[in-house]
Number of protein chains: 2
Amino acid sequence: MKPKQRRSQILEAVGQQGEVSVEVLAQRFDVSVETIRRDLGQLAESGVLQKVHGGARRLRLHAEGSFDERMAENAEAKQIIAKKLAAIVEPGDTIFIDTGSTTLICAQALAAIDRLTVITNSVRVAQVLGKSEKNITVYLLGGTFSHDNAETVGPLVIDQIARFQVDHAVLTVAAINADVGAMDSDFDEAQVARAMIDHANHTIVLANVEKLGRNAAYRVCRLDEINSIVCDQSPGAEFTAALDWAKVELR
Amino acid sequence: MKPKQRRSQILEAVGQQGEVSVEVLAQRFDVSVETIRRDLGQLAESGVLQKVHGGARRLRLHAEGSFDERMAENAEAKQIIAKKLAAIVEPGDTIFIDTGSTTLICAQALAAIDRLTVITNSVRVAQVLGKSEKNITVYLLGGTFSHDNAETVGPLVIDQIARFQVDHAVLTVAAINADVGAMDSDFDEAQVARAMIDHANHTIVLANVEKLGRNAAYRVCRLDEINSIVCDQSPGAEFTAALDWAKVELR
DNA sequence: AAATAACTTGTCCATTCGGGCATTATCTGC
DNA sequence: GCAGATAATGCCCGAATGGACAAGTTATTT
């Protein structure tokens, strides 16, 4: 086996397992531990992994891997959402997805649907869906990059959203109540959500039950502008009545 | 057997098996190892495979080659290039950066410069620079998301680039030669690079010495459209003369 | 603080690389 | 068809690379 090949396999192993020991690598490639150390030294030098005592670790920039693991944990909830969404979103549809922890899980669920076109401002959503085998086209909206949430925001994003007219807008919100409607805790994200609603034929809001009845700083839209709410469990009768009145479909 | 035929079979073998040794090839074609080495030298020169100690490897420029692997290549050369680039860019500048392993390393170097505005189609570049404490604004260009390289491409990207007019365009290319100019191995990336050049006052091309004199599928620009080439080491006298003639500054 | 594991550095040997040179095959123009 | 030119090939040798072993140093554990 050639050194290059070995190093690339080391890199792959580190990427997959997160952390590997010098000893294990030496056995696997049947070379001495010194050789492995030199390899790790080079790889660390070039900044693609991190050396630790006893082995090497993937650096957190490549959080995709651990990211997937976290996604896998929520498999059950994902399945529930996937089923509910699959009833709304059909193969071949075009949809907006905004940034949020819920929409991210949702993206994973959508990755199983064929021929989707997804337009999002979330880098993570784009990454999840881009990996899909299901012939999904992903448009990542451009704008000011916000590192914290790995998303783009700002006027440029709004501007680009306006170029599309899609079937569904799939949104995460911070709070919903019967009087005000949907709200977000971040101004920029609220603006993005607002724009997505304006250019979608059908608006789907994802919200776990805790968010119902609460308040947040920035308003996204009125209750009757929402077409569907996907919820993990049934909300109270009072809220259900309000939804009914606003002709919102509850899932 | 004709040399041409042999070379094409070597290329095929490398493509199939990923990696082959000089020894094996020499036996298979019943020629000396020197001949095989020469063949590999030529093939590597034209950029269709990669030489390694003891043989040759398929390069994974197009296929889903892990980006990390490319990061690990020529790490030292890229560090040198990054340092030189940091000397050109000044605090407060606005720059384009395209996608590439070299530009990614450079992004790390640029993260130390104050008050930059960076416009890029690379998610990774955005992540690296977004992390900086140096008051850097990052615009991520929107477009069709390509999962392999974590970048956006397509007409939307081109369209957005046209909205900017920046100080420097910092580009990675696959090959440069005196006759054709700069080339890329990916059509979409070549288009993006082209657009960036058109909307920048100063074009900087990053290239390690191996890329000089090579060829690649898609043309980016003529030599005289480049203002500066940042190289890890001095190219041959012949190439230097060509750069001189085209009034390209060499670093 | 001692014991142990892990890391670093230096040396040596085998393999591989690359250039120079001689030989042979192929091409080209007459 | 022939002579000269060009390219391809094989062999040799000094230089470079990779890997194992060993000795010394640093870090971790108990």
Side-chain angles (χ1 to χ4, degrees), chain A residues 1-14 17-59, chain B residues 1-14 17-59 69 72-80 208-215 232-239:
Chain A
M1 165 151 345
K2 307 290 176 277
K4 276 246 167 99
Q5 191 177 352
R6 186 181 56 241
R7 282 194 266 275
S8 106
Q9 286 194 20
I10 289 175
L11 194 54
E12 196 179 327
V14 171
Q17 300 171 38
E19 181 160 349
V20 286
S21 76
V22 171
E23 197 58 48
V24 167
L25 288 173
Q27 280 185 6
R28 172 164 159 195
F29 296 114
D30 194 30
V31 293
S32 72
V33 290
E34 289 90 342
T35 302
I36 295 296
R37 286 209 185 87
R38 284 185 175 106
D39 288 340
L40 296 183
Q42 283 190 23
L43 292 168
E45 185 69 23
S46 62
V48 292
L49 57 72
Q50 187 190 12
K51 276 211 301 185
V52 294
H53 211 81
R57 188 186 301 172
R58 146 182 8 115
L59 16 93
Chain B
M1 172 168 318
K2 310 261 181 185
K4 270 207 172 178
Q5 192 178 351
R6 186 181 57 240
R7 268 169 223 141
S8 104
Q9 285 195 22
I10 289 174
L11 193 54
E12 193 181 331
V14 171
Q17 300 172 38
E19 178 159 352
V20 285
S21 76
V22 171
E23 196 59 48
V24 167
L25 288 172
Q27 281 184 7
R28 173 165 158 193
F29 296 112
D30 195 30
V31 293
S32 73
V33 290
E34 286 83 355
T35 303
I36 296 296
R37 268 200 264 280
R38 276 188 260 259
D39 289 339
L40 296 183
Q42 284 190 20
L43 292 167
E45 187 66 24
S46 62
V48 292
L49 59 73
Q50 184 189 24
K51 280 212 301 185
V52 297
H53 209 84
R57 293 182 74 191
R58 164 188 345 126
L59 37 78
E69 220 169 287
E73 307 284 335
N74 295 90
E76 198 183 338
K78 285 170 188 170
Q79 295 289 352
I80 296 172
N208 58 29
V209 97
E210 294 172 7
K211 289 173 180 168
L212 305 181
R214 279 215 207 145
N215 270 298
D232 56 335
Q233 43 180 294
S234 294
E238 186 183 345
F239 197 82

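In what follows, chains carry the letters A, B, and so on, assigned in the order in which the sequence lines appear, proteins first and then strands, with residues in each chain numbered from 1. The structure presented is a predicted model; accordingly, all values stated were derived computationally and were not measured.
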| query | CD of A/Glu45 versus C1' of C/dC7: gap in Å, rounded? | reply | 16 Å
| field | B/Val22 vs A/Val22, nearer the 5' end of DNA chain C by closest nucleotide | value | A/Val22
| query | Heavy atoms under 4.0 Å, any strand shown: does B/Val31 hit a base, just sugar-phosphate, or nothing? | reply | sugar-phosphate
| said: What I'd like to find out is whether the side chain of A/Ser8 reaches to under 4.5 Å of the side chain of A/Lys4, using heavy atoms alone. | reply: no
| field | Nearest-angstrom distance from the residue atom NE2 of B/His53 to C1' of D/dA15 | value | 12 Å
| When you check the side-chain N and O atoms of A/Ser32 and A/Glu34, is any donor under 3.5 Å from an acceptor? | yes
| request: Can you tell me the distance, in whole Å, between the CG atom of A/Leu40 and the C1' atom of C/dC7? | output: 12 Å
| task | To the nearest Å, give me how far apart CG (B/Asp30) and C1' (D/dT9) are. | result | 12 Å
| Distance in angstrom units between A/Gln42 CD and D/dG18 C1', rounded | 10 Å
| said: So B/Val48 and B/Val14, do their side chains get closer than 4.5 Å, heavy atoms only? | reply: no
| message | At less than 4.0 Å, is any side-chain N or O atom of A/Arg6 found next to OP1 or OP2 of D/dG19? Yes or no. | response | yes
| request: Indicate yes or no: at least one non-hydrogen side-chain atom of B/Arg6 is less than 4.5 angstrom from one of B/Thr35. | output: yes
| said: What is the separation between atom CZ on B/Phe29 and atom P on D/dA8, rounded to the nearest whole Å? | reply: 16 Å
| query | Could you give the CZ-to-P distance, from A/Arg38 to C/dT8, as a whole number of Å? | reply | 10 Å
| said: Within the 4.0 Å heavy-atom criterion, would you say B/Val33 contacts the bases, only the backbone, or no part of the nucleic acid? | reply: nothing
| Spacing of B/Arg7 atom CZ and B/Ile36 atom CD1 [to the nearest 0.5 Å] | 9.5 Å
| note | Against the side chain of A/Arg37, the closest entry in C/dT8, D/dG19, C/dC17 is C/dT8
| B/Lys51 side chain near D/dT17 phosphate (N/O to OP1/OP2, under 4.0 Å) | no
| request: Tell me whether the OP1 or OP2 atom of D/dA8 has a side-chain N or O from B/Thr35 closer than 4.0 Å. | output: no
| remark: Rounded to whole Å, the CD-C1' distance (B/Glu34 to D/dA15) equals 15 Å
